[in-house]
Amino acid sequence: MADNKNLTPRAEDFSTWYNEVVQRAELADYSPVRGSMVIRPWGYGIWENMQRALDEMFKETGHENAYFPLLIPLSFIEKEKEHIEGFAPELAVVTKAGGKELEEPYVIRPTSETIIYSMYAKWVQSYRDLPILMNQWANVMRWEMRTRLFLRTAEFLWQEGHTAHATAGEAEEETLMILDIYRKFMEDWIGMPPITGLKSESEKFAGAVRSYSCEALMQDNKALQAGTSHFLGQNFARQFDLKFQSEGGQEEYAWNTSWGVSTRLIGGLVMTHGDDKGLIVPPRLSPTQVVIVPILKGEDSSLVLEKTKEVESRLKAAGVRVKIDARDNVSPGVKYYEWERKGVPYRMEIGPKDIEKGSVALARRVVPSGAKRKSFVMEDQAVAEMPNLLEEFQTELRDASVARREENTVRGVRTINELQEALDGGAGFVFTGWNGDPSVEEEVKGLTKATIRCLPSEEFRSPQTPVKCVSGAGESVTEVAWARSY
RNA sequence: CGGGGUGUGGCUCAGUCCGGUAGAGCGCUGCGUUCGGGUCGCAGAGGUCCCCGGUUCGAAUCCGGGCACCCCGACCA
């Protein structure tokens, strides 16, 4: 940092900017343990708002919350072959407890499929016990080589949904429904519009039959896998003997799904909306939507404070999350900068002059181009309008992100050369044809550092279906979206 | 696991080449003054110079070993 005040601009060094924003907005801080972090109240407040919104959507669609234990017998993880291959290097294992070596080591969960389906096996006998639709909010641990605040930490918070169904069709439907919930959540709450689609074989979750994901485009034009939903087939059911008697009386293995989003979403939020002044939090997720800064002058102080409290309660009554910053040891200007860094959508200033006129000063975290930084409006109007203003802001953030995603998406690319050029020219998503051969993925990745983010869902596909594979070898069997990614 | 960088008051760093008993700015505390975009003044507190060992009369500085963290790559939500 050049000095204590300004952030490194995004254009200069995006990842330094990111780290500075996260720390200076007080979202999180490094902990003494390598790769793990403390989520501070401002960051955790955002997470709580995310949880609340998602939890409601899960419950509306029939899911219930439960909690499964942190420690999982190592042998469980080892049962599903691909699963263990996917996770082996990043497992943290407990071998000692109570001062003694354990008979069998326990793994700190990297994800809970194994323990959960082993329990489902115990609870399910008949098709009448299905479906099971459960979710848990939990922490998990993956000993990553390289970590970054929120984007990849050794320990992180997430929700993992795990369902069991009588038929493949029903499970697949569940997988896609959740994908859609994730997508809506990202659009409507984070204002971070992803493209959705199917993961290629090499990018899918270890142990899944098919993985779907939401891929969001960050301001540096790198893609962030922001949520995944997996159709697990009967892979885990077979390993954990999750069987049921069907309507026809036969014994069958259940069909499973699992799906999750994590605190990584907060990283996505930062990289979607932040600017060179700091964080910008979409109103629906902001722990504080309006901060009131009293302008304290001599004997008017108590009058001003009284007024701010009055406005605070009026805003609260209107359903707005509001906070008064009444500190008397810092000047108003300092507070402005601080709250802007934290990304609070609206600031309201109330001083003696306002009280005289019955007005307030309003400042928006993002000022539309050409508009003045502050507007002076009557108090009644400010209070009445605030819920709408916040929703407008929310919509604006989303629309800007949709526009940015589209502007940075290149379609109809035919060759690896063109793909390379597009990426070097700063493109985000690049759409091409693909013959389905993993060696093409390898080759492109080696040349361009881009990977197949997904085989896009129908509505994200190009109007003109590609004919040839980007490699030049053969027909395209599917369109794919490439990007460099986190 | 490779490449690069950094470890010195709370933070950002100077001092290290050339050894001599530790500094700046910001922050913090107190008092006063200000308060509508990073107020100002005065006074003050605060440091095992990452750790261990060595060289030396003397080490933040030189030598050896270790550790931690950050950034960039290979692997991953």
Side-chain angles (χ1 to χ4, degrees), chain A residues 1-6 8 13-20 23-24 29-37 85-91 110-111 139-160 182 199 202-206 211 213-216 223-230 258-268 277 293-298 300-301 304 325-341 347-355 357 359-363 373-374 376 445-446 449 451 484-486:
Chain A
M1 270 179 268
D3 63 271
N4 254 346
K5 287 178 178 171
N6 296 319
T8 300
D13 183 344
F14 193 79
S15 82
T16 299
W17 167 84
Y18 174 82
N19 286 327
E20 289 176 5
Q23 288 187 78
R24 298 195 41 208
D29 202 355
Y30 295 103
S31 88
V33 177
R34 188 197 75 90
S36 60
M37 66 174 179
E85 277 173 14
F87 280 112
E90 45 192 77
L91 290 178
T111 178
N139 56 339
V140 288
M141 175 160 280
R142 300 178 187 177
W143 212 257
E144 301 287 352
M145 303 242 192
R146 198 182 141 203
T147 57
R148 298 198 60 190
L149 294 169
F150 288 112
L151 300 174
R152 181 170 298 102
T153 46
E155 181 185 357
F156 59 93
L157 304 182
W158 75 347
Q159 57 71 216
E160 46 179 325
Y182 285 162
K199 281 297 196 184
S202 65
E203 294 274 333
K204 75 169 194 200
F205 169 65
S211 292
S213 73
C214 291
E215 303 282 333
L224 180 75
Q225 181 174 305
T228 48
S229 185
H230 313 287
S258 69
W259 27 275
V261 294
S262 71
T263 39
R264 175 181 252 198
L265 288 173
I266 296 173
K277 288 197 260 180
V293 177
I295 307 300
L296 306 168
K297 276 186 195 164
D300 292 325
S301 289
V304 169
D325 186 349
R327 288 175 296 172
D328 62 359
N329 60 333
V330 290
S331 66
V334 170
K335 296 178 187 178
Y336 302 164
Y337 281 99
E338 200 174 304
W339 290 107
E340 278 169 8
R341 240 185 346 255
R347 179 181 74 241
M348 188 182 281
E349 298 164 23
I350 301 179
K353 286 184 226 160
D354 294 300
I355 294 181
K357 289 183 282 188
S359 66
V360 300
L362 271 188
R373 183 156 64 185
K374 288 183 199 178
F376 297 87
K445 189 178 176 182
K449 305 241 167 92
T451 49
R484 293 179 179 139
S485 72
Y486 277 94

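Note that the coordinates shown come from a computational prediction; the quantities given were computed from them, not determined experimentally. So you know, we letter chains A, B, ... as the sequences are listed, proteins then strands, and number each from 1.
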Point to revise | Rounded distance (Å) that lies between atom P of A77(B) and atom OH of Tyr182(A) | key: 14 Å
Review point. Say you pick atom P in C70(B) and the same atom in C31(B); how far apart are they, in whole Å?
Key: 40 Å
**Study point:** Pairwise C1' distance for A22(B) and G65(B), with rounding to whole Å
**Key:** 26 Å
Study note, to complete from the structure: Paired to C1(B) by Watson-Crick or G-U wobble criteria (both distances under 3.5 Å) is G73(B)
**Study point:** Side-chain N,O (Ser15(A)) to OP1/OP2 (C72(B)) below 4.0 Å
**Key:** yes
Point to revise | Phosphate-side-chain proximity, Lys445(A) and C75(B), N/O vs OP1/OP2 below 4.0 Å | key: yes
Practice item. Could you check if a side-chain atom of Tyr30(A) sits within less than 4.5 angstrom of a side-chain atom of Thr147(A), using non-hydrogen atoms only? Key: no
Point to revise | Listed nucleotide nearest any side-chain atom of Ile295(A), set C71(B), C75(B), C35(B) | key: C35(B)
Practice item. Look at the side chain of Glu340(A) against the base of G37(B) and say whether a donor-acceptor pair falls under 3.5 Å; ignore hydrogens and angles. Key: yes
Check your understanding: Which part of the nucleic acid does Gly351(A) contact within heavy-atom distance under 4.0 Å: base, sugar-phosphate only, or nothing?
Key -> base
Check your understanding: Of the nucleotides C71(B), A77(B), G36(B), which has the atom closest to the Gln225(A) side chain?
Key -> A77(B)
**Study point:** Euclidean distance for C1', A14(B) against G9(B) (whole angstrom)
**Key:** 14 Å
Study note, to complete from the structure: Partner of C17(B) under the Watson-Crick or G-U wobble criteria, both distances under 3.5 Å, comes out as none
Review point. Who is the Watson-Crick or G-U wobble partner of C67(B), with both distances under 3.5 Å?
Key: G7(B)
Practice item. Select base, sugar-phosphate, or nothing to describe what Lys335(A) touches, counting heavy atoms under 4.0 Å on all strands. Key: nothing
Point to revise | Phe150(A) vs Asn329(A), nearer the 5' end of RNA chain B by closest nucleotide | key: Asn329(A)
Check your understanding: Between Glu20(A) and Arg341(A), is there a salt bridge with N-O shorter than 4.0 Å?
Key -> no
Practice item. Round to the nearest Å and state the distance from Leu151(A) atom CG to C70(B) atom P. Key: 13 Å
Point to revise | Aromatic-base stack, Tyr336(A) on G37(B), cutoff 5.5 Å, angle under 30 | key: no
Review point. When rounded to the nearest Å, what value does the distance between P atoms of G15(B) and A74(B) take?
Key: 35 Å
**Study point:** Whole-Å C1' distance, C40(B) and C49(B)
**Key:** 34 Å
Study note, to complete from the structure: Among A77(B), A74(B), C35(B), the one nearest any side-chain atom of Glu144(A) is A77(B)
Revision key, fill the gap. With the side chain defined as heavy atoms from C-beta on, Asn19(A) is closest, among A77(B), C71(B), G38(B), to C71(B)
Practice item. Specify the separation, in whole Å, of atom OH of Tyr30(A) and atom C1' of C11(B). Key: 15 Å
Review point. Between A77(B), U39(B), C35(B), which one does the side chain of Thr228(A) approach most closely?
Key: A77(B)
Exercise for review: Remember a base hit wins even if backbone is also touched, and classify Ser211(A) as base, sugar-phosphate or nothing at under 4.0 Å, heavy atoms.
Suggested key: nothing
Practice item. For C51(B) versus C57(B), give the span between their C1' atoms, rounded off to a whole number of Å. Key: 25 Å
Point to revise | Phe156(A) side-chain proximity, nearest of A77(B), G38(B), G36(B) | key: A77(B)
Review point. Which one is paired to U55(B), where only Watson-Crick or G-U wobble pairs with both distances under 3.5 angstrom count?
Key: none
Check your understanding: Please give, in whole Å, the distance from C70(B) P to Tyr18(A) OH?
Key -> 13 Å
**Study point:** Rounded distance in Å between the P positions of G47(B) and U56(B)
**Key:** 32 Å
Point to revise | Rounded distance in Å - CZ (Arg327(A)) to C1' (G27(B)) | key: 13 Å
Exercise for review: Keeping the roles fixed (side chain from Gln159(A), backbone from Val261(A)), state whether a donor-acceptor pair exists under 3.5 Å.
Suggested key: yes
Check your understanding: How many Å lie between CD1 on Ile355(A) and C1' on G36(B), as a whole number?
Key -> 13 Å
Check your understanding: When you compare C17(B) with U61(B), how far apart are their C1' atoms, in angstrom units rounded to a whole number?
Key -> 10 Å
Check your understanding: Given atom CG of Leu149(A) and atom P of C71(B), what is their separation to the nearest angstrom?
Key -> 8 Å
Check your understanding: Do any N or O atoms from the side chain of Tyr336(A) and from the backbone of Arg347(A) form a donor-acceptor pair under 3.5 angstrom?
Key -> no
Revision key, fill the gap. Between CD of Glu349(A) and P of G37(B) the distance, given in whole Å, is 7 Å
Point to revise | Out of A77(B), G37(B), C35(B), whichever nucleotide has its closest atom nearest the side chain of Tyr337(A) | key: G37(B)
Check your understanding: Out of G38(B), G37(B), C71(B), which has the shortest distance to the side chain of Arg347(A)?
Key -> G37(B)
Review point. Counting distance only, does the side-chain N/O of Arg264(A) pair as donor-acceptor with the main-chain N or O of Gln225(A) below 3.5 Å?
Key: yes
Check your understanding: Do the side chains of Thr228(A) and Phe205(A) get nearer than 4.5 Å, heavy atoms only?
Key -> no
**Study point:** Lys/Arg N to Asp/Glu carboxylate O, Lys445(A) vs Glu203(A), below 4.0 Å
**Key:** no
Exercise for review: Could you tell me whether the side chain of Arg373(A) has a donor or acceptor atom within less than 3.5 Å of a complementary atom in the base of G36(B)?
Suggested key: no
Check your understanding: Would you call Ile295(A) and Pro332(A) a side-chain contact if the rule is heavy atoms closer than 4.5 Å?
Key -> yes
